Amino acid sequence: MLYPMRQSDFFFCAVAAASGLLLLSALDAGLRARAAAPVIAQRSALVAALDLTDLALFTEARYTRHPSQADLHSAFQDHPMALEHFPTGSLVPAPIPGRPLP
Amino acid sequence: MLLSPAVLALNGVSFTVTLMLVLAAGFALQVVRHWDLTSGSERQLELERRTYLIATLVTWSFAAAVVSLLLFVYNAEQMATQFVGAMCATGVLNAHPLGWPTLFLKILIFFAGAAWLMLNRLDNQAPDYPLVRVKYWLLLGFLPLAALEAGVQLGYFLGLDPDVITSCCGSLFTADGDGVAATVAALDPGWSLAAMYGLGLSVLGLGTVHGWRARRGASGVGFALSGALAFAAALAAIVSCVALYVYEHPHHHCPFCILKGGHGFIGYWLYLPLFTATALSLGVGLISGWGHIPSLTAAVQADGQRFTAAALALFALFYGVATYAILTSNLTMTGVWW
Amino acid sequence: MIELRDVKKVFNQGRGNALWAVRGVTLDLEPRQVTVFTGPSGSGKTTLLSMIGALSRPTSGRISLDGTLLSNLPERFMTQVRRRTFGFVFQRFNLIRGLTVLENVMLPAYPLAPDYGDLRRRARALLAQFGMDAKADDKVEWLSGGEAQRAAICRALINAPLILIADEPTANLDSARSRELIGLLGELQDLGKTVLVASHDPLVFESARVSRVVELRDGLLAEDA
Amino acid sequence: MRQFLRRQRYLIDYSLSALARRPGKHLALLLVYTLVVFLLASVMLFTQSLRREAALVLAQSPEIILQRQIAGRHDLMPAEYLDRIGRIRGVSAKYGRLWGYFYDPAVRANYTLMVPPPGSPAHGEPAPGDIVIGAGIARTRGLEVGDYLSLRSARGEPFAFRVAALLPHSTELVSTDLMLLGADDFRRFFAFPADRFTDIVLQVRNPREVRKVAEKLSLALPDTRPILREEILRTYDAVFGWRQGLVFVLMGGMVLAFVIFAWDRAAGLSGEERREIGILKSIGWETGDVLRMKFWEGAILSLTAFFLGYLLAYAHVFYLSAALFEPVLKGWAVLYPDFRPIPFVDGIQVATLFFFTVFPYTVATIVPIWRTAVTDPDAVMR
């Protein structure tokens, strides 16, 4: 028997469409990651050629520019009571007492 | 460690689940104390309505616990990069003595929750709710388990120290180590396979017999017991033998790496049927004992048969997949081991 | 056959404002008849009807339906009995606004989950039987009082109940519509349904189609009071 | 089973019509819900992308870097330490590095000045007076190949460098603030002592020997600190995990506010809605049916918000380069690398997101939904 679409049919269509989009986003992620392989290779090559150690995301201070090279007390070297004042510095984890620095 | 989002989520979920169960248990306690089905009073009506809330809370707690079990394993897999020497989830679980207990508690909660929900479903089919006290006392027993799991997990994540050198599956599950995991790995693959298939046959056989006799109110305890044994034997066989066939590597004993895409996600095909089938068989054992209550007899028979059939199908699927993994593997161990 | 034995109902039990709505009713109701409960407002007829219809439980006393005890069933099982045995027509129609007439009629069958095509056909057939097929796809808030009442009757009948319960069904209808409604209830009796009506409308309880009138007063049968 | 599925479908039918009948109330909830998912998902996708990128790219970092420390501060590395290290088994090469920071007051930016290591294949040591600069510097100072860049040296005299080449735009993520120059230029510009280096790099072929080598180094040169590649990788893994967690905690307040909002929405039923539930129950819906119907309502809202929020976040991060976060991430840095995050998405991220959004919503609505569902069925008759 023919009857108009039920609300649940709309729901299933919407879920199917959204899942399709989600799948598409996963596909897109895979394709773009593959397409980005040469870029990653270039970056890796530069890192290898210049012995780089860090990402150039936060260039304001040495412990934010090179977190792996700076010890995490750098922020307090100038004065033991110095307040951290670089915005990104606040995102670097604080050293945990009793644990050796990385 | 605590500030990684997945860890935050895991701890958040465990504590929320505990809280929900505390709420449920509080209501359950009132129900147990004041339940009187013959009374038409408003309080009795209120208590009956509470049972819906309790069941909902437990159902959602159970659902959350299942997802958190998966997330826990994924998370361990992902954190492997943060530990020296850990190359997969096994290493991360080894990094602290509470790692494995957390996992085992999560599995225990899964089984306990599934069995309780099956009992609840059974009880809801009889107009006189004959098991109301039994099931709520059991619920009170379930609560400490959840609380313990939340505490142990928190202790595990607080205690995780990324600088500790951990042993990964490569070294842990080799035969010359010590501890439970190594003992399991050192099991003779021939024997463990034999145990898996032997107990598999017994659970399939007992299940078939139980499915046949459930109509006459037979006890399902034997089936449940054989299900539990088959579960243990299957896990042991996965670690000591089946995983090796999947990895096609004679010394890689990890039970988690088979969940990865590189192995066709075969781990899901093994674990999902195995866990569900075991939970069902345990539930069958729990509910089969109530057939003597007149209002439950029919429900025990119907549910018992249905769950037994489902458990049998899933056990069969598990053994099928395991056999498939062994037969299609390029690894040949027959000449080497037996 | 519905049997009531010393049925009592108290609201707000144990509190200062406790109210005895029904104070001990013993009554046998014959099947396939139109029975009208009458009495002034506050006499307990609606409360009694809601207990018979398994919408609520008596505080004490027993109600049984064809020998099965209803009164001490938990709500879950009362609902199961109710949705297969009773159909309700309410004073204010109680149709759900925003849904079409057809959807409203189908609503009681949702939890029973019949085949969708079957259910639609059944609902349309019922609407046709009551001359409502043209309105099937209209929203219920566009209906007139009489149309709404018929839609409510269709809804009450969708699960093919044996017993139809109507609470003050003529309260919102004019006399012509009321007479029409009584006719409809009579037709249902001819179809083999038991019809229970609560009403203090003389049009209803003086009608020739009514087989029995039960008068209530202060929560008791008038003959006992 | 078939009946079970059919019943769920009927319940979905009803839930959808119930949602559609009160569009204002539910759209507001959906909007807030989507926003919560969108923000959390954006943070998650973005940091996850950086985390994977760091892991992939920095896998090429030097195996061991040796820093000297005096009184807990970094210090320059005496050249003689290279000899004092002597021959260690497994070390295939060792050399001193020259690098440091320069603050350019003209644009208020920090540059990283660096001398390419010996035998660097791509960019050999620039000729005297020449520099190779990262794209960020070129953009900020408006420089092109052949232009001159004038900087004041440590002794106060101006130095004019000729831009010999630009580092490729695609490598900005690691090179945006780099300025490569010759060793002699570097030492003259900073007045850097001739017998010192910034630090020492040791190459170790066999990864299993790295820890052994590091141990020997810290015994032989107690005032130094070895930094291993695996530590760099772990640091980045932890830093991004930590950042993600921190943002999630900060957004926890937002999630909580949302949860309260959801609770309120679920609890604050209008009289009309209450009457509807009463009608449903009186015509034969069981409490469990109403509960399930209400949970379908929640599930529909959650699914919609989750899909919408996630997909929007995906587009935001990977097609708009996380434009909304840029101001936050940039901080005070003038030189911000221009790069497009590469999508690395995995199941655990999505599962975590789910637990941070859908789970709290569900838990918050259980009790209000239950309260609704236990409405007296005879309420409509009173």
Side-chain angles (χ1 to χ4, degrees), chain C residues 9 11 21 45-51 53-57 74-100 103-116 118-119 139 152 155-156 158-159 161 165-168 198, chain D residues 1-27 269-297 300 370-382:
Chain C
K9 177 79 178 178
F11 292 106
K45 51 188 190 307
T46 297
T47 309
L48 191 65
L49 223 50
S50 82
M51 283 189 287
L55 280 172
S56 62
R57 240 172 14 198
E75 227 179 70
R76 185 192 306 270
F77 300 92
M78 274 194 358
T79 312
Q80 286 172 11
V81 172
R82 178 165 78 240
R83 66 182 168 212
R84 293 186 181 279
T85 318
F86 296 100
F88 293 90
V89 178
F90 303 101
Q91 179 176 359
R92 275 171 297 166
F93 318 135
N94 279 339
L95 297 169
I96 291 185
R97 299 162 65 84
L99 294 184
T100 64
E103 283 168 328
N104 260 293
V105 171
M106 285 158 62
L107 219 44
Y110 279 14
L112 297 170
D115 177 73
Y116 183 72
D118 278 353
L119 178 57
K139 302 252 184 231
R155 184 179 68 180
I158 189 73
N159 285 339
I165 292 181
D167 182 28
E168 304 282 1
Chain D
M1 195 64 191
R2 251 191 52 214
Q3 183 161 28
F4 172 82
L5 292 177
R6 268 207 307 240
R7 179 177 312 133
Q8 303 311 314
R9 209 162 152 207
Y10 278 118
L11 294 179
I12 294 173
D13 276 346
Y14 186 82
S15 312
L16 276 168
S17 65
L19 287 174
R21 264 175 287 142
R22 285 176 248 300
K25 170 176 172 167
H26 293 114
L27 274 181
L269 280 187
S270 65
E272 174 78 16
E273 283 168 283
R274 222 169 265 289
R275 212 174 68 88
E276 269 181 34
I277 304 290
I279 295 174
L280 288 178
K281 291 195 70 175
S282 68
I283 61 174
W285 285 44
E286 210 257 313
T287 307
D289 295 321
V290 179
L291 273 176
R292 276 187 284 273
M293 183 274 286
K294 278 279 169 189
F295 278 115
W296 270 116
E297 251 182 54
I300 291 165
W370 168 75
R371 273 192 202 292
T372 317
V374 296
T375 308
D376 280 322
D378 62 336
V380 286
M381 297 215 3
R382 287 187 210 144

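Just so we're on the same page: letters track the sequence lines, and every chain starts at 1. Model, not experiment: these values are computed from the prediction. These values consider heavy atoms only, across backbone and side chains, with no hydrogens, waters or symmetry-generated copies.
- For chain D, no part of Ile158(C) is nearby; none of its heavy atoms comes within less than 4.5 Å.
- For Tyr116(C) against Tyr10(D), the heavy-atom pair with the smallest separation is CA-OH, 3.1 Å.
- You'll find the side chain of Asp115(C) reaches within 4.5 Å of the side chain of Arg6(D), heavy atoms only.
- The contact list for residues 276-285 of chain D toward chain C, using heavy atoms and a distance under 4.5 Å, reads Glu276(D), Ile279(D), Leu280(D), Lys281(D), Ser282(D), Ile283(D), Gly284(D), Trp285(D) by residue number.
- The candidate from Pro114(C), Ser56(C), Ala156(C) with the greatest count of non-hydrogen atom pairs under 4.5 Å with chain D is Pro114(C).
- Between Met51(C) and Asp378(D) the shortest side-chain heavy-atom distance does not fall below 4.5 Å.
- With sequence neighbours left out, the side chain to side chain donor-acceptor pair (under 3.5 Å) criterion links Thr375(D) to no other residue.
- Ala113(C) and Gln3(D) make their closest contact through CB-O, 3.6 Å (heavy atoms, listed as atom of the first residue, atom of the second, distance).
- Note on Glu286(D), Arg275(D), Arg7(D): by heavy-atom pairs under 4.5 Å with chain C, the leading option is Glu286(D).
- Heavy atoms of Arg2(D) lying under 4.5 Å from chain C are absent altogether.
- Among the candidates Ser17(D), Ala20(D), Pro377(D), the residue making the largest number of heavy-atom pairs closer than 4.5 Å to chain C is Pro377(D).
- Close approach to chain D, defined as a heavy atom under 4.5 Å from one of its heavy atoms, is seen in Thr79(C), Arg82(C), Arg83(C), Phe88(C) of residues 79-88 of chain C, taken by number.
- Under the ring-ring contact (aromatic ring centres under 6.0 Å, His included) criterion, Phe93(C) pairs with no residue, sequence neighbours left out.
- Contacts of Gln8(D) with chain C are absent, with no heavy-atom separation under 4.5 Å from either backbone or side chain.
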